[in-house]
Amino acid sequence: MSHPWIADRIHLIDASGIRKVFDLAAKMKDPVNFSIGQPHFDTPVLVKEALKKAIDEGKNAYSQTQGIRPLVERLQQEIAPLGHENRQVFVTSGTSGALNLALLTLINPGDEVIVFDPWFVMYKHLTNLAGGIVVPINTYPDFQIDVNQVEAAITSKTKLIIVNSPANPTGTVASEANLKDLAELARKHRIALISDEIYRLYCYDSEFTSPTRWNEDTIVIDGLSKSHSMTGLRLGFCHGPAEVIEQMTKLQQFTYVCAPQPTQWAALTALEMDLSDVVDEYKAKRNFVRDNLSGFEIQGGDGAFYLFVKTPWGTGTEFVKAAIEKNLLIIPGNVFSRQDTHFRISYASDQRTLERGVEILNEMAKSGG
């Protein structure tokens, strides 16, 4: 029974299924961990040195809410090629902080938010927290966007569309044609479009494409957590129409205050790094897992570091439960979806872990439950 002081909105948020598996891993002895949604490598040495230097130099107080000037100017240079005169950037406390600020800034109670199923778990819960209503668009079996379905779902209450490419949990990279159609559809109906681009570095089979190419009002969520293994350092950024960014910045002042200042200085170093070797390594990991799994149906996997795999038998929940009994940690698909037919693999692991995990999964597929 709920405590009488707790607000109704909190009951709209479920405890993260990913967090439950994460907590379970801490109790297991040497688990084969395919569950973690973060890079397996440590934060680069140059970034750590820049972080320590900032701390030693006393750059530990609040920064300006929008971010330290050198970083804001550097990020503004990054987005300048988009050619949008009215586009502004600010630094956030992680990409989740940016997403939360965007939804709270844009959504009125009862507004509808279109998301693509499977989705990143925060989209649903943060929309509910902001008083919005999630409208899911089914993307099974290939996880590509069907713009006709999106247009059919638009009502007078539709306020926002969230697109994530490369995507968590499917690893799908939306086709350029579908992104173009989606961007133009949002502009046509005067619907806000959020593009979550946190995995943009990890595109293995094609060039990264942003819907900002076709819709200059797109609000972009981005950051360094996944590209530079800085998940715990909480450094994200957001850019979009100046009027929206100004309101999000105002809200940050009274919530997160600012991103951690030492991390912002470290980000200046991170932005100068060439990470092509990391991308090559993760593409090789993707290829190894995808090529060596036997008896599984796999769609997507073009980017990020996830595979969203259809279970060869049972529901996603049943299959994951059996995997855990074999010391393998994977995430059931219903954490991300209305369906319980798949499971998510994160291949952001060392080679030995990948080999052990593939071996267990292949044995499970053969067993038939």
Side-chain angles (χ1 to χ4, degrees), residues 12-22 24 34-37 112-128 132-154 158 160-175 178 182 196 199 286 289-290 293-325 328-347 357 361 364-365 367-369:
L12 298 173
I13 303 173
D14 301 324
S16 169
I18 300 174
R19 182 58 54 184
K20 291 175 183 176
V21 175
F22 193 77
L24 181 64
F34 273 11
S35 70
I36 304 300
E112 294 176 350
V113 177
I114 291 176
V115 299
F116 298 99
D117 182 355
W119 55 69
F120 173 49
V121 291
M122 281 193 184
Y123 300 158
K124 173 185 174 182
H125 297 306
L126 292 182
T127 295
N128 288 338
I133 298 170
V134 171
V135 178
I137 302 292
N138 189 317
T139 64
Y140 291 86
D142 63 356
F143 310 125
Q144 285 289 341
I145 295 167
D146 183 340
V147 176
N148 291 326
Q149 281 192 56
V150 179
E151 186 153 32
I154 292 173
T158 305
L160 173 63
I161 300 169
I162 304 176
V163 62
N164 176 212
S165 175
N168 179 6
T170 65
T172 302
V173 175
S175 73
N178 286 349
L182 184 69
D196 182 347
Y199 294 102
R286 187 277 308 265
V289 175
R290 193 173 63 179
L293 282 177
S294 178
F296 293 92
E297 180 183 323
I298 303 173
Q299 300 277 357
D302 320 294
F305 33 72
Y306 308 109
L307 294 173
F308 203 61
V309 183
K310 189 173 183 181
T311 57
W313 50 261
T315 64
T317 300
E318 290 167 345
F319 191 84
V320 168
K321 182 179 178 182
I324 290 172
E325 291 173 356
L328 172 65
L329 291 172
I330 50 181
I331 308 293
N334 64 351
V335 168
F336 312 94
S337 175
R338 294 173 298 171
Q339 295 188 196
D340 191 17
T341 55
H342 288 63
F343 60 93
R344 189 191 77 175
I345 290 172
S346 170
Y347 51 83
L361 286 170
M364 291 180 65
S367 74

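There is no side-chain donor-acceptor pair under 3.5 Å between Tyr199 and Asn164.
In this structure, CD1 in Ile36 is found 7.5 Å from CD1 in Ile331, a value given to the nearest 0.5 Å. The OG1 atom of Thr341 lies 9.0 Å from the CG atom of Asn334; values are rounded to the nearest 0.5 Å.
At least one donor-acceptor pair under 3.5 Å links the side chain of Thr170 to the backbone N or O of Thr172. Looking at Glu112, its side chain never comes within 3.5 Å of a backbone N or O of Ile154 through a donor-acceptor pair. Of the possible polar contacts, one joining the Arg286 side chain to the Gly301 backbone as a donor-acceptor pair under 3.5 Å is found. Counting only distance, with no hydrogens or angles, the side chain of Glu297 and the backbone of Pro312 share no donor-acceptor pair below 3.5 Å. Side-chain atoms of Asp340 never come within 3.5 Å of backbone atoms of Thr315 as a donor-acceptor pair (strictly under, hydrogens ignored). Listed for the Arg344 side chain is a donor-acceptor partner under 3.5 Å among the backbone atoms of Ser35.
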Verdict with supporting geometry, Tyr306 and Tyr347, ring-ring contact (aromatic ring centres under 6.0 Å, His included): CA-CA 6 Å; Tyr306 308 109; Tyr347 51 83; 7.6 Å; no
Residues Phe308, Phe143; criterion ring-ring contact (aromatic ring centres under 6.0 Å, His included); working and verdict: CA-CA 10 Å; Phe308 203 61; Phe143 310 125; 5.7 Å; yes
CA sep, side-chain torsions, deciding dist, call: Ile13, His125, side-chain contact (heavy atoms from CB on, under 4.5 Å): CA-CA 5 Å; Ile13 303 173; His125 297 306; 4.1 Å; yes
side-chain contact (heavy atoms from CB on, under 4.5 Å) between Trp119 and Ile162, intermediate numbers included: CA-CA 9 Å; Trp119 55 69; Ile162 304 176; over 6 Å; no
Test side-chain contact (heavy atoms from CB on, under 4.5 Å) applied to Asp117 and Tyr140, step by step: CA-CA 8 Å; Asp117 182 355; Tyr140 291 86; 3.8 Å; yes
Intermediate values then yes/no, side-chain contact (heavy atoms from CB on, under 4.5 Å), Phe305 and Ser346: CA-CA 6 Å; Phe305 33 72; Ser346 170; 4.0 Å; yes
Working for side chain to side chain donor-acceptor pair (under 3.5 Å), residues Ser337 and Gln339: CA-CA 5 Å; Ser337 175; Gln339 295 188 196; 5.4 Å; no
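Closest non-hydrogen pair, Arg290 versus Gly300, comes out as NH1-O, 4.1 Å. Residue Lys310 comes nearest to His342 through the heavy atom pair N-CD2, 3.3 Å, listed as atom of the first residue, atom of the second, then distance.
With a 4.5 Å cut-off on side-chain heavy atoms, Val163 and Ile145 count as touching. By the 4.5 Å heavy-atom criterion applied to side chains, Leu328 and Leu361 are counted as neighbours.
Partner of Val135 under the side chain to side chain contact (heavy atoms under 4.5 Å, CB included) criterion, out of Ile114, Thr127, Val150: Ile114 alone.
Using cut-offs of 30° and 60° on the angle between ring planes, the pair Phe343 and Phe319 is parallel.
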